[in-house]
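Below is one structure, written out as structure tokens; the observations come after it.
The structure presented is a predicted model; accordingly, all values stated were derived computationally and were not measured.
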Amino acid sequence: MFLELGEIEFARRMFDKMPERDLISWNSMITGDLRMGEVKLVSQLFEEMPERDLVSFNTMIDGYGKCGRCELAEEVFRMMNGKDLVSWMMCKIVL
């Protein structure tokens, strides 16, 4: 909710205070940061994620593409093990 309102700093404080973070909270934080153009922060968050799923990778590809960082989108795409149709479509659009 805070991310949707553009309250990225408050959302980050709440995220940092969470005793347990699931994939949804990680992916939400990454999505919000990408919308704000926080590419460096997103890269750091992505590296810190204990677990990633297709949504995580696809979010990164989409977000990097929207920020004009196609080289980073391609890097994420290449590190994926299991690509789905969405991954291929986003990569084709971005690159």
Side-chain angles (χ1 to χ4, degrees):
M1 176 180 84
F2 297 113
L3 294 168
E4 291 296 322
L5 298 172
E7 297 289 337
I8 195 77
E9 290 176 25
F10 188 74
R12 181 57 191 228
R13 284 194 304 260
M14 297 297 292
F15 178 78
D16 288 341
K17 290 180 182 181
M18 293 175 74
E20 291 186 36
R21 300 173 189 140
D22 59 10
L23 276 170
I24 294 170
S25 58
W26 281 98
N27 289 335
S28 296
M29 198 67 218
I30 285 173
T31 298
D33 285 342
L34 282 167
R35 286 183 186 158
M36 302 299 285
E38 298 287 341
V39 175
K40 187 174 182 178
L41 179 59
V42 167
S43 297
Q44 182 181 12
L45 276 174
F46 192 67
E47 290 299 317
E48 292 174 15
M49 286 181 80
E51 181 183 349
R52 300 175 188 143
D53 63 358
L54 276 173
V55 173
S56 308
F57 284 99
N58 289 341
T59 298
M60 293 296 289
I61 293 167
D62 183 52
Y64 280 152
K66 288 178 179 173
C67 291
R69 301 298 303 268
C70 297
E71 73 284 357
L72 294 175
E74 183 177 5
E75 185 179 315
V76 171
F77 181 78
R78 289 181 186 212
M79 73 168 48
M80 292 176 74
N81 288 330
K83 298 169 179 77
D84 65 356
L85 182 60
V86 173
S87 310
W88 285 99
M89 297 286 288
M90 276 196 280
C91 193
K92 184 173 177 144
I93 291 168
V94 169
L95 304 175

N/O donor-acceptor pair under 3.5 Å between Asn27 side chain and Leu23 backbone: yes
Verify the neighbour count for atom CG of Asp16: are there more than 12 heavy atoms of other residues, nucleotides or ligands below 6.0 Å? yes
Near-ring test Phe46/Trp26, centroid separation under 6.0 angstrom: no
Distance, nearest 0.5 Å, that separates OG of Ser56 from CG of Leu45: 11.5 Å
Distance check, rounded to the nearest 0.5 Å: Arg21 atom CZ versus Met49 atom CE? 11.0 Å
How far does CD1 of Ile30 sit from CD of Glu48, to the nearest 0.5 angstrom? 9.5 Å
Check whether any side-chain heavy atom of Leu72 sits under 4.5 Å from a side-chain heavy atom of Val39, and report yes or no. yes
Side chains of Thr59 and Asp62: is there a donor and an acceptor less than 3.5 Å apart? no
Are Met80 and Leu85 linked, directly or through intermediate hydrophobic residues, by side-chain heavy-atom contacts shorter than 4.5 Å (ILVMFWY only)? no
Test of understanding: clusters of I, L, V, M, F, W, Y form through side-chain heavy atoms closer than 4.5 Å, transitively. Do Val55 and Val86 belong to the same one? no
Inter-residue atom distance Arg78.CZ - Lys83.NZ, 0.5 Å rounding: 9.5 Å
Would you please test Glu38 and Lys40 for salt bridge (charged side-chain N to carboxylate O under 4.0 Å, His left out) and show each step? CA-CA 6 Å; Glu38 298 287 341; Lys40 187 174 182 178; over 6 Å; no
Straight-line distance of Phe77 CZ to Phe57 CZ, nearest 0.5 Å: 11.5 Å
Side chains of Leu41 and Met36: closer than 4.5 Å at any heavy-atom pair? no
Result of checking Met60, Met29, Arg69 against Val42 for side chain to side chain contact (heavy atoms under 4.5 Å, CB included): Met60
